[in-house]
Amino acid sequence: MLSEKDFIPKQYTSFVQTGSFEWSAPSNIALVKYWGKKENQIPANPSVSFTLNNCKTITKLGFEKKENNGSFSFNLLFEGKPKPDFRPKIEKFLQRVEEYLPFLKEYHFTIDTQNTFPHSSGIASSASGMAALAMNFMSLERLLNPDMDDAYFYNKASFLARLGSGSACRSVKGNVVVWGEHKDFEESSNLYGVTFPYVIHDNFKNYQDTILLVDKGEKQVSSTVGHDLMHGHPFAQQRFEQAHDNLSKIKEALVSGDLESFISITESEALTLHSMMMTSMPYFILMKPNTLEIINRVWKFRRETTIPVCFTLDAGANVHVLYPENDKVKVLEFIKNELVAYCQNSQYICDEIGNGAQQIA
Ligand code: DP6
């Protein structure tokens with residue numbers, strides 16, 4: 001396991017004047033949820049997620065050597081246009097990672113970014129966005145230090161992405177990623193995500209995630225504020241212990257192919273996440289009436305058909321409907337006939353488990 005110090009480069013052996021890279025990084029959906037953190041983006045409990053395939057951020061990073069004048073210098077384009085709203089987030093990210101990427105103030109950057117999913121769909125773009133940016137910075141660092149091996153490259157990319165947004169560290173690799181120290185995962189770390197190290201049962205091959213866009217509006221409470229409310233939360237300790245237990249159990253389910261167990265852990269985690277929000281002080285609710293309608297209809301459909309479809313939620317009103325590839329036709333028919341009515345403008349996104357960040361030639 002690597003420590004924070006391992007990510008501070010000793011010296012660079014090469015010189016690079018100018019160039020560019022382009023990477024895509026996907027979103028991910030947690031099965032066991034990260035909710036609550038310590039200083040420096042250290043998670044209060046371990047989590048595990050499916051890396052997605054279609055919901056991605058594509059970021060091109062141009063760089064040009066400049067005099068180190070003591071400040072960061074970058075242009076930021078979102079879908080080809082300047083995006084001043086995003087600058088503070090990037091600025092903060094650069095500050096957090098500077099210690100680990102000491103070349104940052106020696107270049108002027110052009111960050112040109114776009115998402116494959118509709119803007120303001122309520123889908124968190126911070127995970128995919130921070131992961132894509134981290135990959136690009138690692139490509140540049142590898143030019144400065146050509147001896148870097150692949151393992152270090154990906155671990156450090158995940159480490160940097162985490163400093164941008166915790167869940168982003170799970171978007172670097174596929175298909176199932178664990179983040180946070182856990183007794184069943186020897187290589188697991190609080191500092192970066194690692195690929196699920198056991199053979200996953202074929203039941204989960206190409207597992208499907210159809211994201212129902214229930215509410216595309218701005219969230220009332222950001223994840224960052226929500227995490228913070230776990231400090232002093234009356235159920236925090238039990239919740240963190242439960243996450244450890246659930247990670248052990250879902251590990252067994254992923255290996256054995258036990259869909260029943262997978263479903264009960266996944267759905268319980270989603271509802272627990274939202275119950276933590278409802279029992280915070282101040283309390284808040286991110287689900288909408290249509291979120292609950294969809295959940296009830298998923299349960300009814302599962303009861304009546306025995307098709308192993310289940311739901312999970314992130315920090316918002318949207319519902320992720322998860323199911324095996326074999327059941328795709330029937331579940332999509334169900335979604336179109338019964339669930340789309342509860343989506344804003346009938347919008348949903350078909351996704352599935354994927355491989356993680358990719359460099360674009
Ligand atoms: C509910 O990673 O968005 O999606 O670290 O403050 O950027 P920050 O939070 P973020 O939190 C995600 C919370 C979650 C659960 C999860 O993805 O594990």
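One-based numbering, in listed order, for ligands and for the atoms of each.
Side-chain atoms of Glu79 and Gln114 include no donor-acceptor pair closer than 3.5 Å. Glu22 and Asn136 are not linked by any side-chain donor-acceptor pair at a separation below 3.5 angstrom, with hydrogens and angles left out of the test. For the residue pair Lys33/Thr312, the side-chain donor-acceptor check at 3.5 Å is satisfied.
An N or O contact shorter than 3.5 Å is missing between Lys33 and ligand 1 by distance. Residue contacts with ligand 1: Ser165 is placed with a nitrogen or oxygen under 3.5 Å of a nitrogen or oxygen of the ligand (distance criterion only). Considering both main-chain and side-chain atoms, Asn28 never comes within under 3.5 Å of ligand 1 through any nitrogen or oxygen pair. In terms of polar-atom proximity, defined here as any N/O pair under 3.5 Å, Arg170 does make such a contact with ligand 1. Not a single N or O atom of Ser126, backbone or side chain, sits closer than 3.5 Å to an N or O atom of ligand 1.
The closest approach between a heavy atom of Lys37 and any atom of ligand 1 is below 4.0 Å. Met130 does not count as a contact of ligand 1, since none of its heavy atoms falls under 4.0 Å from the ligand.
Salt-bridge check for Lys249 with Glu269: failed, with every basic side-chain N at 4.0 Å or more from each acidic carboxylate O. Between Asp112 and Lys83, none of the side-chain N atoms (NZ, or NE/NH1/NH2) sits under 4.0 Å from a carboxylate O, so this pair counts as no salt bridge. Ion pairing between a basic and an acidic side chain is recognised when a charged N comes within 4.0 Å of a carboxylate O; Lys156 and Glu141 show such pairing. The existence of a salt bridge linking Lys66 and Glu106 is excluded, since no basic side-chain nitrogen approaches an acidic carboxylate oxygen closer than 4.0 Å.
In the vicinity of Gly166, heavy-atom distances shorter than 4.0 Å reach the ligand 1 atoms 2 (O), 5 (O), 7 (O), 8 (P). Near Gln41, with a cut-off below 4.0 Å to any heavy atom, the atoms of ligand 1 are 5 (O). Per-residue contacts place Ala315 under 4.0 angstrom from the following atoms of ligand 1 (heavy atoms of the residue considered): 1 (C). Listed by atom number, the atoms of ligand 1 under 4.0 Å from Ala30 heavy atoms are 16 (C), 17 (O), 18 (O).
Classified by interplanar angle (parallel below 30°, tilted 30° to 60°, perpendicular above 60°), the ring pair Phe301/Phe334 is parallel.
At a heavy-atom distance under 4.0 Å, only side-chain atoms of Leu273, from C-beta outward, approach ligand 1.
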